[in-house]
Amino acid sequence: MGCAYLNMPGFMRAMFVVLCALMILPELTHAKHARVTRHYKFNIKMQNFTRLCQTKNIVTVNGRFPGPRIIAREGDRIMVKVVNHVQYNVTLHWHGIRQLKSAWADGPAYITQCPIQTGQSFVYNFTVIGQRGTLWWHAHISWLRTTLYGPIVILPKRHVPYPFPQPFREVPIILGEWWKADTEAVINQAMQTGLAPNVSDAHTINGLPGPVSNCAAKETFKLKVKPGKTYLLRLINAALNDEMFFSIANHTLTMVEADAVYVKPFSTKVVLITPGQTVNVLLKAKSKAPNATFAISTRPYATGPAAFDNTTATGFLEYKKPSLASSKSNTKKLPLLRAVFPKFNDTVFAMNFHNKVRSLASARFPAKVPKTVDRRFFFTVGLGISQCSKNQQCQGPNNTRVAAAVNNVTFVTPNIALLQAHFFNKSKGVYTTDFPANPPFKFNYTGTPPSNIFVSSGTKAVVLPYNTSVELVLQDTSIIGAESHPLHLHGFNFFIVGQGNGNFDPKKDPKKFNLVDPAERNTAGVPSGGWVAVRFLADNPGVWFMHCHLEVHTSWGLKMAWIVQDGKRRNQKLPPPPSDLPKC
């Protein structure tokens with residue numbers, strides 16, 4: 001090559017240099033957005049924390065509560081080594097990450113993996129493809145996610161701006177729940193008696209309940225802001241069983257993102273966020289520092305018949321003042337202004353709020369809604385009762401217990417992971433593929449319940465060929481009581497093309513579907529006494545869990561699985577499992 005180059009005429013040498021530059025240019029361009037591998041080590045360990053005047057030993061990651069933040073850019077690879085030092089089996093789920101061709105890293109116990117047992121470890125290995133924004137991670141076995149959770153922040157690729165004003169600072173705000181009791185004991189007792197578990201003792205903001213009791217003054221989240229600056233608040237609802245209202249007294253929030261998808265910005269005094277959902281809002285601080293402290297508050301939106309934790313968690317928004325002014329005002333306690341909320345069961349507010357959330361649907365961020373549908377499904381979601389075994393002392397009538405179901409099937413968790421059974425063609429005795437596409441019998445879903453409210457049970461899944469476009473209508477029922485259900489689908493985002501009150505009308509309602517700029521989410525609230533319609537493209541091979549993100553309903557069986565088959569091409573197939581995948 002060198003000799004040939006030296007023997008070339010001048011103009012040919014110039015052409016050669018230009019050609020080389022053109023060949024190298026794409027490499028340089030690619031290098032600017034080069035994929036970075038980010039390594040994390042998560043030690044699952046017990047740690048003492050004091051809340052509500054009581055010290056409690058809780059399960060944590062690295063001794064922190066909430067857990068550590070994972071930060072990456074779109075396109076990065078993330079490797080998290082999880083080492084289990086506690087007595088419980090553990091798995092972690094990376095909520096909202098698409099896991100394209102990495103289903104083994106998704107995390108739900110006995111769905112994509114067997115749990116990580118005491119003294120064992122597993123490396124979760126996945127790449128963030130085509131996503132940017134706020135997501136989160138949490139335990140996905142029993143009720144361990146009570147304290148095992150933390151934020152995932154996905155920044156845009158380098159030199160790619162947000163489609164909204166660049167904030168002065170970004171702040172994660174995680175809403176949660178706190179029990180004085182051991183939550184594993186709480187759910188185990190409830191499963192034995194067949195009754196509802198005890199509700200939490202407090203709600204929390206970034207792990208802190210705020211001034212709800214005499215001892216909680218130090219347990220208060222504080223956000224200090226500079227006048228005139230804009231802050232991006234990354235809201236995450238990590239609560240187990242409560243949808244939450246969120247508000248900051250005397251301030252307006254601008255919603256710019258939902259479930260790591262940019263939305264058309266809209267202003268609101270109150271944000272509604274279900275367990276599992278994430279929302280990014282812009283907070284514009286007032287131009288001059290007011291002589292007041294403003295409550296940052298969160299309280300439940302509750303529509304069901306059962307008891308709920310009716311406490312409000314409070315933090316403080318405080319304005320930074322010039323140093324001269326602050327020295328004078330330190331002696332004077334500023335008045336606290338409180339947030340104003342809708343009624344705890346304001347279903348009209350909920351419906352209106354969710355209707356405001358729309359995709360950007362721009363050239364840069366299109367809404368790729370499936371316009372045609374290959375498979376249609378109609379799933380009822382709600383409660384029922386099931387018969388307890390003769391050796392179990394359930395406290396429902398005639399030894400029955402409360403159950404939850406999809407299309408009247410309450411899900412039975414298998415003893416080995418569904419994904420392994422599927423991948424190695426060993427489904428016999430593990431699961432069946434006869435999950436009903438429609439309810440087993442029709443009734444007035446939101447009217448008077450049928451006389452027989454017993455559910456059936458089984459480990460059933462729906463099989464979808466690769467690239468099937470799916471339309472799914474989720475219908476709440478009034479059995480035992482109508483209730484809002486936040487449904488989360490693993491492995492996909494879906495488009496919320498319609499929602500309404502009462503029973504879904506297959507003739508009239510589809511005519512009103514929004515196929516232009518519907519919200520794109522991974523978790524959707526099925527309205528209390530109503531329905532929601534979603535569409536998604538099954539372009540991700542694997543086994544994907546779908547369940548209510550109210551943990552009590554998941555425990556009662558409101559869950560099912562979708563099996564998406566491999567495509568024909570090599571890049572449409574799920575690779576084999578990693579060598580360190582835990583064994584059952």
Side-chain angles (χ1 to χ4, degrees), residues 66 69 71 133-134 136 150-156 161-176 203-212 216-238 244-258 262-263 265-273 278-299 312-341:
R69 178 183 66 168
I71 187 161
T134 305
W136 64 301
I152 300 175
V153 174
I154 307 166
L155 300 171
Y162 294 129
F164 47 81
Q166 178 70 28
F168 173 69
R169 192 176 148 218
E170 302 182 8
V171 184
I173 294 184
I174 314 178
L175 315 180
H203 292 104
T204 58
I205 299 174
N206 287 346
L208 302 166
V212 291
K218 291 179 184 173
E219 301 172 5
T220 304
F221 168 70
K222 292 180 181 176
L223 175 60
K224 292 193 180 335
V225 298
K226 287 185 175 181
K229 298 291 186 184
T230 298
Y231 295 78
L232 179 70
L233 308 184
R234 296 179 176 272
L235 303 180
I236 298 164
N237 187 352
M244 303 299 290
F245 293 122
F246 176 87
S247 185
I248 300 178
N250 287 41
H251 287 72
T252 299
L253 304 169
T254 303
M255 188 160 160
V256 292
E257 182 200 296
Y262 297 131
V263 300
F266 69 92
S267 297
T268 183
K269 296 277 189 190
V270 179
V271 171
L272 176 58
I273 180 168
T278 57
V279 166
N280 280 6
V281 294
L282 295 176
L283 165 68
K284 180 86 160 55
K286 296 178 188 299
S287 55
K288 288 184 180 176
N291 285 318
T293 299
F294 301 90
I296 302 170
S297 300
T298 184
R299 58 160 297 123
T312 300
T314 301
F316 297 146
L317 178 76
E318 298 174 346
Y319 276 78
K320 291 180 183 174
K321 299 202 170 177
S323 53
L324 188 69
S326 61
S327 60
K328 289 178 185 173
S329 62
N330 275 348
T331 53
K332 188 175 70 174
K333 193 175 181 189
L334 296 175
L336 176 66
L337 301 182
R338 299 196 173 274
V340 178
F341 287 105

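This one's a predicted model, so the numbers in the text were calculated from it and none came from an experiment.
Between L235 and V271, some side-chain heavy-atom pair lies under the 4.5 Å cut-off. With contacts defined as side-chain heavy-atom distances shorter than 4.5 Å, the pair T252/T268 does not qualify. In this structure, the side chains of L233 and N280 stay at 4.5 Å or more apart for every pair of heavy atoms. By the 4.5 Å heavy-atom criterion applied to side chains, I236 and V279 are not counted as neighbours. In this structure the side chain of P265 never reaches within 4.5 angstrom of the side chain of F164, judged on heavy atoms. In this structure, I174 and P151 have side chains that are in contact, with non-hydrogen atoms separated by less than 4.5 Å. Put simply, the side chain of T314 does not reach to within 4.5 Å of the side chain of F221, judged on heavy atoms. Taking 4.5 Å as the limit, some side-chain heavy atom of T220 sits within range of a side-chain heavy atom of F316.
Without hydrogens or angle criteria, T254 side chain to F266 main chain gives no donor-acceptor distance under 3.5 Å. Looking only at distances, no side-chain donor or acceptor of Y162 sits under 3.5 Å from a matching main-chain atom of P167. Under a 3.5 Å cut-off, the side chain of E257 and the backbone N or O of T134 do form a donor-acceptor pair. K226 places no side-chain N or O within 3.5 Å of a backbone atom of A285 that could act as its donor or acceptor partner. Side-chain atoms of T204 do not come within 3.5 Å of backbone N or O of N206 as any donor-acceptor pair.
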### Task
Applying side chain to side chain contact (heavy atoms under 4.5 Å, CB included), run through H203 and R299 and close with a yes or a no.
CA-CA 8 Å; H203 292 104; R299 58 160 297 123; 6.0 Å; no

#### Entry: Intermediate values then yes/no, side chain to side chain contact (heavy atoms under 4.5 Å, CB included), V256 and V281
CA-CA 6 Å; V256 292; V281 294; over 6 Å; no

### Task
Carefully, step by step, assess L282 and L232 under the rule side chain to side chain contact (heavy atoms under 4.5 Å, CB included).
CA-CA 5 Å; L282 295 176; L232 179 70; 3.7 Å; yes

### Query
Can you check side chain to side chain donor-acceptor pair (under 3.5 Å) on N291 and K321, steps first, answer last?
CA-CA 10 Å; N291 285 318; K321 299 202 170 177; 2.5 Å; yes

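Summarising the local packing, NZ of K229 is surrounded by 12 or fewer heavy atoms from other residues, nucleotides or ligands at distances under 6.0 Å.
Aromatic pair F168/Y231: centroids less than 6.0 angstrom apart.
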